[in-house]
Participant: 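Handing you a structure now.
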Amino acid sequence: MKIVEENNNVIIKDLEHFNIMQTLECGQCFRFYKIEDLDYLIIAFGRILRIQQEDNQITLYNTTMNEFNKIWREYLDLNNDYECIKETLLKNNQDLHQAIKSKWGIHILKQDTWETLISFIISQNKHITHIKKVIEIISLAYGDKIGSYNGIDYYSFPTPEQLAIATDEGLRACKTGFRAPYILDASQKVVKGEIDIQQIKKITTDEARKKLISIKGVGNKIADCVLLYGLGRTETFPTDVWIKRIVENMYLKQESKLEAIQEFAAKQFGDYAGYAQQYLFYYGRENRIGK
DNA sequence: ATCCAGGGCCGAC
DNA sequence: GTCGGCCATGGA
């Protein structure tokens, strides 16, 4: 991997095991817009990032080396060794071969913890396309304008303070439906200090899961999504209806409870369960495994 | 149209 | 402790 700054762009060359389309479209994040094939706008950390890929080279537009090192290097998980991750997973799991071969370029993004929490609260019982829409509406209603691209304005994801003063009606107007009180509860717990995001980053995964589940509307699945996508806990295995079907279909060969699936994943994939989950989810969903 | 969605709460048992 | 109905909303 070679990184240079040119004309207010940062260019990364010789980057292997990374594909921007797969990384964005695999279901882990919601605030991105496709400009063209392998050319996207990402809204994250209060910024608008245009990212374009050509073979093993990606260009980050309108940014600096300093900002790249401060934000995007970690967000895109560029320091991680995905060759090693995939080899390790494959060594013990030939069953993953097709999924990894197909979705070879996924990186698990290191997203903002707060945004991940609210995004996945919104995600419950919704299609991905609609999740994206609701998050966009909430950001427009409660976030700050952070800039524009091609004449379209973009807004930051609202802070806990910005959401804590929202009303139930206001949030429902954003099409959150029955999730509105959940969003309010999360926001108020964070503002009051009952939930301390900085502290959650430091405690063990099980302790963090317990903390997250104390928020109304957050159960095992949403907590695990926050742990994996927003806290870098790659040993977690978020189990939604799709992953449940896929694991039952590929491995367990019978209807299984959540506990059985979690136990299976821990035993089978160990500390890399989160990566395995993402390959399986994206591949399995695309191929409708178990449906 | 009817069903279901990257679930979780709540009240019956 | 666990099982089923229910929760808004819109896409398939």
Participant: Looking for any heavy atom pair under 4.0 Å, which part of the strands does A:Lys175 touch: base, sugar-phosphate only, or nothing?
Facilitator: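 Answer is sugar-phosphate: A:Lys175 comes under 4.0 Å of backbone atoms only.
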Participant: Mind checking if A:Gln278 touches a base, just sugar-phosphate, or nothing, with heavy atoms under 4.0 Å?
Facilitator: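 Base, at least one base heavy atom under 4.0 Å.
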Participant: With rounding to whole Å, what would you report as the distance between B:dC9 and C:dG10 at their P atoms?
Facilitator: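 That atom pair is separated by 23 Å.
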Participant: What nucleotide, of B:dG6, B:dC9, C:dG11, holds the atom closest to the side chain of A:Lys216?
Facilitator: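 The answer is B:dC9, which lies nearest to the side chain.
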Participant: Going hydrophobic residue to hydrophobic residue with side-chain gaps under 4.5 angstrom, can you get from A:Ile197 over to A:Tyr75?
Facilitator: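 Result: yes, single cluster for both.
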Participant: Any base atoms under 4.0 Å from A:Gly27, or only sugar-phosphate, or nothing? Heavy atoms, all strands.
Facilitator: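 A:Gly27: base contact, heavy atoms under 4.0 Å.
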Participant: Within the structure shown, what part of the strands sits under 4.0 Å from A:Arg172 by heavy-atom distance: base, sugar-phosphate, or nothing?
Facilitator: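 Touches sugar-phosphate only.
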Participant: Taking any heavy-atom pair under 4.0 Å as a contact, classify A:Tyr229: base, sugar-phosphate, or nothing.
Facilitator: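 Touches a base.
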Participant: Please state whether the rings of A:Tyr40 and A:Phe32 are parallel, tilted or perpendicular, taking 30° and 60° as the class boundaries.
Facilitator: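 Taking A:Phe32 first and then A:Tyr40, their aromatic rings stand perpendicular (interplane angle over 60°).
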Participant: Nearest whole angstrom, please: distance from the P of C:dT9 to the CD1 of A:Ile131.
Facilitator: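 My rounded result for the distance is 16 Å.
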Participant: Which listed nucleotide (B:dA5, B:dG6, B:dG8) is nearest to the side chain of A:Gln124?
Facilitator: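 Selected nucleotide (nearest to the side chain): B:dG8.
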Participant: Please report the distance, rounded to the nearest Å, between CD1 in A:Ile183 and P in C:dA8.
Facilitator: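 Rounded to whole Å, this separation is 13 Å.
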Participant: What is the distance from CG of A:Asp240 to P of B:dA5, rounded to the nearest Å?
Facilitator: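 It is 10 Å, rounded to the nearest whole Å.
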Participant: State plainly whether the residues A:Lys110 and A:Asp77 are in salt-bridge range, i.e. N to O under 4.0 Å.
Facilitator: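 Result for this pair is yes, salt bridge flagged.
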Participant: Picking from B:dG6, C:dC3, C:dA8, which would you name as closest to the side chain of A:Ile243?
Facilitator: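 When the side chain of A:Ile243 is considered, B:dG6 is the closest of B:dG6, C:dC3, C:dA8.
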Participant: Just the rounded figure in Å: distance from P of B:dG7 to CD1 of A:Ile261.
Facilitator: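 About 13 Å, once rounded to whole Å.
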Participant: For the pair made of CG in A:Leu258 and C1' in B:dG7, what is the distance, rounded to whole Å?
Facilitator: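 Nearest whole value for this atom pair: 11 Å.
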Participant: Expressed in angstrom and rounded to an integer, what is the separation of A:Gln28 atom CD from B:dG6 atom C1'?
Facilitator: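 Rounded to the whole Å, the gap is 12 Å.
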Participant: In whole angstrom, give me the gap between the C1' atoms of C:dT2 and B:dG6.
Facilitator: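 About 23 Å, rounded to a whole number of Å.
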Participant: First locate atom CG of A:Leu89, then atom OH of A:Tyr279, and finally report the distance between them rounded to the nearest 0.5 Å.
Facilitator: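 Result: 7.0 Å between the selected atoms.
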Participant: Just to be sure I understand the rule, does A:Cys26 reach a base, reach only the sugar-phosphate, or reach nothing, if contact means heavy atoms closer than 4.0 Å?
Facilitator: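 Base contact.
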Participant: Name the closest nucleotide to the A:Pro238 side chain, picking from B:dC9, B:dG6, C:dG11.
Facilitator: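 Shortest atom-to-atom distance from the side chain points to B:dG6.
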Participant: C:dT9 P sits how many Å from A:Ile138 CD1, rounded?
Facilitator: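 Distance check: A:Ile138 CD1 to C:dT9 P gives 13 Å.
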Participant: NA contact type, A:Lys291, heavy-atom cut-off 4.0 Å: base, sugar-phosphate, or nothing?
Facilitator: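 Sugar-phosphate contact only.
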Participant: Answer with base, sugar-phosphate or nothing: what part of the nucleic acid does A:His127 contact at a heavy-atom distance below 4.0 Å?
Facilitator: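 Base contact.
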Participant: For A:Trp242 and B:dG6, say yes or no: do the ring centres fall under 5.5 Å of each other while the ring planes differ by less than 30°?
Facilitator: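 No; centroid distance or tilt outside limits.
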Participant: Relative to the 5' end of DNA chain B, which residue comes earlier, A:Val218 or A:Thr129, by the nucleotide with the nearest heavy atom?
Facilitator: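 On the 5' side of the pair lies A:Thr129.
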Participant: Of the nucleotides B:dG6, C:dG11, B:dG8, which one has an atom closest to the side chain of A:Ile222?
Facilitator: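 Of all the options, the side chain of A:Ile222 is nearest to B:dG8.
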Participant: Find the distance between CD1 (A:Ile108) and CG (A:Asn80) and round it off to the nearest 0.5 Å.
Facilitator: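 A:Ile108 CD1 to A:Asn80 CG: 9.5 Å, rounded to 0.5 Å.
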